[in-house]
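Structure record follows, encoded as structure tokens.
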Amino acid sequence: MVNPGSSSQPPPVTTGTLSWKRCAGCGGKIADRFLLYTMESYWHSRCLKCSCCQAQLGEIGTSCYTKSGMILCRNDYIRLFGNSGACSACGQSIPASELVMRAQGNVYHLKCFTCSTCRNRLVPGDRFHYINGSLFCEHDRPTALINGHLNSLQSNPLLPDQKVC
């Protein structure tokens, strides 16, 4: 198991000299038939777990993701940081410890989760519309929605209004 984007290769494990490796997870000797290597450390397969869901990463795939010292499975990495780990509005990286807002699979910094028209921040409890990749507060939703016409938005899918949770 190697962290994607990491170019470091594990140092060779020699069995002739019985140089035991220590697990980065539990600190114990690794005498198992298989061991994992990621974040420049060796792991028992039972000790390398996702920091969020606790899934044993050796059992669910051949890669893991790391950010700010957390080890994550693919699903939790995408859930926390989106596909790119960047804010969908400004494109800047989102630190692992930062709270985020989400809409339709996109992830935003709190300060970037704003109405496209008035630029007011949308906060939990606010109703909003997500149309063609843009966020609109309840007050500034496009008139096509109010009148029930799709005119200029007709070619793009129109999603029902949503509430920030």
Side-chain angles (χ1 to χ4, degrees), residues 1-8 10 22-27 36-146 150 152-153 155-165:
M1 174 154 307
V2 177
N3 186 22
S6 172
S7 62
S8 65
R22 294 243 175 233
C23 175
C26 70
L36 303 175
Y37 184 79
T38 190
M39 294 181 62
E40 300 187 16
S41 298
Y42 289 97
W43 302 76
H44 289 111
S45 55
R46 68 181 175 275
C47 292
L48 185 61
K49 297 178 182 177
C50 175
S51 299
C52 289
C53 69
Q54 300 302 309
Q56 290 185 2
L57 298 176
E59 292 180 2
I60 63 171
T62 58
S63 60
C64 65
Y65 298 80
T66 61
K67 188 158 181 169
S68 298
M70 291 192 305
I71 300 172
L72 302 164
C73 66
R74 183 179 189 280
N75 289 341
D76 282 327
Y77 183 86
I78 290 172
R79 182 178 59 80
L80 292 171
F81 305 108
N83 289 326
S84 65
C87 176
S88 296
C90 71
Q92 298 294 311
S93 178
I94 300 175
S97 58
E98 187 172 315
L99 295 174
V100 296
M101 299 296 276
R102 292 182 181 81
Q104 295 298 312
N106 294 312
V107 182
Y108 300 84
H109 292 110
L110 293 178
K111 67 181 180 190
C112 296
F113 197 72
T114 60
C115 172
S116 294
T117 303
C118 68
R119 299 289 180 218
N120 284 334
R121 249 183 79 200
L122 297 166
V123 297
D126 287 350
R127 295 186 73 72
F128 70 94
H129 301 273
Y130 185 84
I131 303 168
N132 301 331
S134 297
L135 297 164
F136 297 94
C137 67
E138 184 72 11
H139 176 72
D140 289 325
R141 66 184 175 186
T143 7
L145 279 177
I146 296 170
L150 296 179
S152 64
L153 300 175
S155 61
N156 296 310
L158 190 61
L159 300 172
D161 63 329
Q162 301 169 41
K163 186 176 179 182
V164 178
C165 299

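Numbering starts at 1 and runs along the sequence shown.
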Legend entry - Minimum heavy-atom distance Cys87-His109, with the two atoms named: CB-ND1, 3.3 Å
Legend entry - Shortest non-hydrogen contact between Cys73 and Ile60, atoms and distance: CB-CD1, 3.7 Å
Legend entry - Under 3.5 Å donor-acceptor, Trp43 side chain and Gly25 backbone: no
Inset, instruction - To the nearest 0.5 Å, tell me how far His129 NE2 sits from Leu135 CG. - result: 11.0 Å
Legend entry - Value rounded to 0.5 Å, distance of CG in Leu72 from SG in Cys52: 5.0 Å
Inset, instruction - Would you check, one step at a time, whether the test side-chain contact (heavy atoms from CB on, under 4.5 Å) holds for Asn132 with Ser134? - result: CA-CA 6 Å; Asn132 301 331; Ser134 297; 5.6 Å; no
Legend entry - ring pair (Phe, Tyr, Trp, His ring centres under 6.0 Å) involving Tyr108 - partner list, sequence neighbours excluded: Phe113
Inset, instruction - Starting from the C-alpha separation in whole Å, work towards a yes-or-no answer on side-chain contact (heavy atoms from CB on, under 4.5 Å) for Val123 and Arg121. - result: CA-CA 6 Å; Val123 297; Arg121 249 183 79 200; 4.2 Å; yes
Legend entry - Asp140 side, atom CG; Ser116 side, atom OG - distance, nearest 0.5 Å: 9.5 Å
Legend entry - Close side-chain approach of Leu110 to Met101, heavy-atom, < 4.5 Å: yes
Legend entry - Asp76 and Tyr65: side chain donor to acceptor below 3.5 Å: no
Inset, instruction - Please report the shortest heavy-atom distance between Ser45 and Leu36, naming the atom on each side. - result: CA-CD1, 3.7 Å
Inset, instruction - Quick one: closest heavy-atom pair of Arg46 and Lys49, and the distance? - result: O-CE, 3.1 Å
Inset, instruction - Starting at CG of Leu57, measure out to CZ of Arg74 and round the result to the nearest 0.5 Å. - result: 13.5 Å
Inset, instruction - Give the C-alpha distance, both sets of side-chain angles, the deciding distance and a yes or no for side-chain contact (heavy atoms from CB on, under 4.5 Å) between Ile71 and Cys50. - result: CA-CA 5 Å; Ile71 300 172; Cys50 175; over 6 Å; no
Legend entry - Considering all heavy atoms, the nearest Ile94-Ala86 contact: CD1-C, 3.9 Å
Inset, instruction - Keeping the roles fixed (side chain from Arg127, backbone from Glu138), state whether a donor-acceptor pair exists under 3.5 Å. - result: no
Inset, instruction - Kindly compute the distance separating SG (Cys47) from CD (Gln56), expressed to the nearest 0.5 Å. - result: 8.5 Å
Legend entry - From OG1 (Thr117) to CZ (Arg141), nearest 0.5 Å: 12.5 Å
Legend entry - Minimum-distance pair of heavy atoms, taken over all atoms of Lys111 and Thr114: O-CG2, 3.4 Å
Inset, instruction - Compare all side-chain heavy atoms of Asn120 with those of Cys137 and state whether any distance is below 4.5 angstrom. - result: no
